[in-house]
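Structure first, commentary second.
Quick note: numbers below take in every heavy atom, side chains included, and nothing from hydrogens, waters or symmetry partners.
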Amino acid sequence: MVIKKIIQNLFCRGLLILVMPLLLSAGTTPLAQHSQTFAFSAPKECKPLDCLMVFVGNDDILEKLSKVMHFDLEFSDQLKIDLKRARSEPSAKQLAKLYERGTTLYFHLKKINTSGVLNKGTVQIEVTAKDPSSSDVLFQKTFAVSDDHLVFNAHVIADELMPVLTGSKGPLLSTFAYCKQIAPGRKVVCIADYAGRKERVVVPDHRINVAPRWHTQAPVLFFSQFTRSNCALKSLDIRSSQQRVICSYDGLNMQPSFSGDGGQAVLCLSSKGNSELYLYDQATCKKLKRRVFKQLTNNGANNVSPCLTTNGDVIFCSDYQTGSPQIYLLDGKTAKMRRLTNGQGYCTSPSWCAKTNAVIYTRRVNDTLQLFTLDLNTPSAAERQLTYNEGDKVEPVWSECGKYAAFSYLCRDHEESSIVPQIAVLNAMSGKVRIITAGNEPKSYPAWVNAPFYHL
């Protein structure tokens with residue numbers, strides 16, 4: 001009963017158990033079938049560049065590789081790519097005609113014969129990008145592509161092409177972790193690539209597992225698991241699949257946020273019916289030769305969703321002043337707290353981006369949970385609304401580059417009457433959202449890391 005009461009006060013929708021039948025795994029669904037795109041806000045209009053992408057020859061690996069790369073490169077919303085098959089590369093004269101018709105960029109993939117050099121199932125693919133107006137080569141490189149790891153290989157190639165074509169990289173080699181409700185009383189943890197492909201269950205326990213968080217320096221995933229007596233914090237080594245109990249005190253043990261070097265973490269602990277924030281410092285514990293948690297908040301309220309910033313500040317959610325959750329900043333040097341949101345409404349689930357120094361969070365507007373940002377580079381932490389459409393958007397998390405945000409989206413399927421939370425990604429530059437998971441299993445708690453751990 002104590003745990004149940006704590007859960008009700010957590011402001012974390014992902015902890016609610018939604019009972020849905022097990023129908024379809026997003027990891028086995030063709031990407032084109034479960035990826036949906038919506039325009040949610042209206043940033044400055046920027047027309048995508050028209051590009052032509054050609055795979056040369058009649059080869060299954062080339063075709064599959066091209067289709068994945070096509071999705072990867074259009075994910076930025078800066079490129080509109082026409083994908084074609086061709087018998088040979090176009091001549092300079094043909095490229096000039098393509099340019100006259102509006103093609104801004106051209107690139108092709110072709111297989112190189114290297115019999116007896118590579119392992120079975122591996123081929124060499126040459127990728128060339130050209131300026132069609134001049135036939136100048138902008139990019140040319142040969143990649144080894146394995147049929148067993150074709151999606152990963154496609155992401156690697158597109159990741160190298162992206163800066164050449166757009167001027168910046170995207171999240172193509174990042175990994176998602178999220179929770180999936182597959183049965184009553186059973187919530188597993190999955191990881192997948194940035195597009196929701198290559199999904200695999202990494203925490204298959206017959207329990208309720210919630211709130212995954214990535215370590216900043218190692219392929220280690222932290223998550224909380226409900227037991228009969230408490231909610232224990234555990235870790236999973238992605239390489240070895242080994243699980244460890246990190247802390248299992250009374251009440252809740254969850255939501256660690258790590259410093260850049262991995263030496264510190266802020267997490268939520270509770271034993272008296274409310275959740276407070278605590279700091280774990282590896283150097284201090286090593287010096288004292290015992291585990292020590294320094295209490296950071298002591299307000300008797302619910303303090304959750306901590307984000308440890310580069311300078312040691314902590315951004316978190318609390319209801320201690322207004323009785324309704326708001327976003328706060330705890331100064332790491334002075335220990336003083338200040339509210340970042342205006343004290344009105346319902347604001348929860350902050351995520352901080354080191355590159356942009358911006359916070360994304362959820363605020364209720366007209367009974368719908370929308371995404372907002374706070375710009376911490378401004379003295380007033382200027383607030384801006386990102387989404388406006390129907391459907392609750394919860395538990396947002398930034399990509400490392402700060403140009404994308406993932407969240408759990410309670411959207412109504414166009415062909416179904418039920419509402420099933422799925423993981424979606426917002427492009428903060430274009431305002432478009434892609435739903436990247438599918439199926440009738442509710443998804444929650446996306447966690448994003450800029451490394452291809454799904455490939456391990």
Side-chain angles (χ1 to χ4, degrees), residues 30-53 65-84 102-107 127 129 131-132 138-139 151 154-176 192-197 351 353 355-356 358 360 370-373 384-389 391 393 396-409 411 414 422-438 446 448 450:
L31 183 145
Q33 291 183 19
H34 73 252
S35 176
Q36 301 178 52
T37 304
F38 303 90
F40 281 168
S41 56
K44 291 182 179 180
E45 187 68 23
C46 183
K47 185 179 179 181
L49 298 176
D50 288 322
C51 307
L52 175 62
M53 179 177 178
L65 190 75
S66 299
K67 288 180 178 179
V68 178
M69 289 178 58
H70 179 267
F71 180 89
D72 288 349
L73 295 171
E74 286 199 334
F75 195 83
S76 67
D77 295 326
Q78 298 180 62
L79 305 172
K80 183 180 178 182
I81 299 173
D82 188 16
L83 180 60
K84 301 281 188 181
T103 300
T104 306
L105 292 167
Y106 163 83
F107 43 99
V127 181
D131 178 352
L138 306 175
F139 176 93
V151 172
H155 293 339
V156 169
I157 299 172
D159 183 67
E160 291 206 31
L161 264 176
M162 190 68 80
V164 177
L165 304 180
T166 69
S168 63
K169 285 199 172 188
L172 307 183
L173 292 179
S174 60
T175 302
F176 273 121
D193 71 359
Y194 85 102
R197 297 177 64 143
S351 172
C353 178
K355 187 166 186 178
T356 62
I360 190 168
Q370 303 287 6
L371 298 181
F372 282 72
T373 61
R384 181 167 66 95
Q385 187 170 347
L386 295 178
T387 60
Y388 296 84
N389 73 310
K393 305 141 194 84
V397 58
W398 282 120
S399 63
E400 184 183 76
C401 64
K403 297 177 181 178
Y404 304 86
F407 57 96
S408 180
Y409 179 40
C411 57
H414 295 291
Q422 301 290 351
I423 305 302
V425 175
L426 166 70
N427 185 325
M429 299 173 290
S430 68
K432 292 182 179 179
V433 164
R434 288 174 173 84
I435 301 171
I436 65 168
T437 59
W448 215 339
N450 193 39

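The line from CZ of Arg197 to CD1 of Ile436 is 12.0 Å long, rounded to the nearest 0.5 Å. Here CG of Leu138 is found 8.0 Å from CG of Leu165. Values are rounded to the nearest 0.5 Å. Considering CZ of Arg434 and CZ of Phe71, their distance stands at 5.5 Å, rounded to 0.5 Å. Note that OG of Ser66 is 5.5 Å distant from CG of Leu83, once rounded to the nearest 0.5 Å. Between atom NE2 of residue His155 and atom CE of residue Met69 there is a gap of 11.0 Å, rounded to the nearest 0.5 Å. To the nearest 0.5 angstrom, Lys80 atom NZ is 14.5 Å from Leu105 atom CG.
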- [ ] Would you please test Thr175 and Asp193 for side-chain contact (heavy atoms from CB on, under 4.5 Å) and show each step?
- [x] CA-CA 5 Å; Thr175 302; Asp193 71 359; over 6 Å; no
TODO: Mind running side-chain contact (heavy atoms from CB on, under 4.5 Å) on Leu73 and Met162 for me, showing each step along the way?
DONE: CA-CA 7 Å; Leu73 295 171; Met162 190 68 80; 4.0 Å; yes
TODO: Evaluate the side-chain contact (heavy atoms from CB on, under 4.5 Å) criterion for residues Val433 and Asn389: first the C-alpha distance (whole Å), next the side-chain angles of each, then the deciding distance (0.1 Å), finally the verdict.
DONE: CA-CA 11 Å; Val433 164; Asn389 73 310; over 6 Å; no
TODO: Could you give me the CA-CA distance, side-chain angles and deciding distance for Ser399 and Trp448, then say whether side-chain hydrogen bond (donor to acceptor under 3.5 Å, both in side chains) is met?
DONE: CA-CA 6 Å; Ser399 63; Trp448 215 339; over 6 Å; no
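Side-chain atoms of Ser168 and Lys403 form a donor-acceptor pair, as typed in the model, at a separation below 3.5 Å. Remark: the Asp131 side chain and the Tyr106 side chain contain no N/O donor-acceptor pair separated by less than 3.5 Å.
The nearest pair of heavy atoms linking Thr373 to Leu386 is CG2-CD1, 3.3 Å. Residue Cys401 comes nearest to Cys353 through the heavy atom pair C-SG, 4.3 Å, listed as atom of the first residue, atom of the second, then distance. In this structure, His70 and Ile81 approach most closely via the heavy-atom pair NE2-O, 2.9 Å. Taking all atoms of both residues into account, the shortest heavy-atom contact from Gly402 to Thr356 is CA-CG2, 4.2 Å. The heavy-atom pair separating Lys84 from Asp82 by the smallest distance is CE-OD2, 3.0 Å. When all heavy atoms of Asp50 and Gly102 are compared, the closest pair comes out as CB-O, 3.4 Å.
Looking at residues two or more places apart in sequence or on another chain, you find a salt bridge (charged side-chain N to carboxylate O under 4.0 Å, His left out) between Lys67 and Glu63.
Within the 4.5 Å cutoff, side-chain heavy atoms of Leu172 are placed close to those of Tyr194. The shortest distance between side-chain heavy atoms of Lys169 and Pro163 falls below 4.5 Å. Between Phe407 and Val397 the shortest side-chain heavy-atom distance does not fall below 4.5 Å. Between Phe139 and Glu160, some side-chain heavy-atom pair lies under the 4.5 Å cut-off. Side-chain atoms of Phe107 and Leu52, non-hydrogen and from C-beta on, never get closer than 4.5 Å to each other. The closest side-chain heavy-atom distance from Asn450 to Leu173 is not below 4.5 Å. Using a 4.5 Å heavy-atom threshold, the side chains of Lys393 and Ser408 count as separate.
Judged purely by atom type and a 3.5 angstrom limit, Thr437 uses its side chain to pair as donor or acceptor with the backbone of Ile423. Of the possible donor and acceptor atoms, none in the side chain of Gln385 sits under 3.5 Å from a partner among the backbone N and O of Leu371. Under the 3.5 Å distance criterion, the side-chain polar atoms of Ser351 are matched with a main-chain donor or acceptor of Trp398. Remark: the backbone N or O of Ser76 is paired with a side-chain donor or acceptor of Asn427 at under 3.5 angstrom. Of the possible polar contacts, none joining the Lys432 side chain to the Ala428 backbone as a donor-acceptor pair under 3.5 Å is found.
Aromatic pair Tyr404/Phe75: centroids less than 6.0 angstrom apart.
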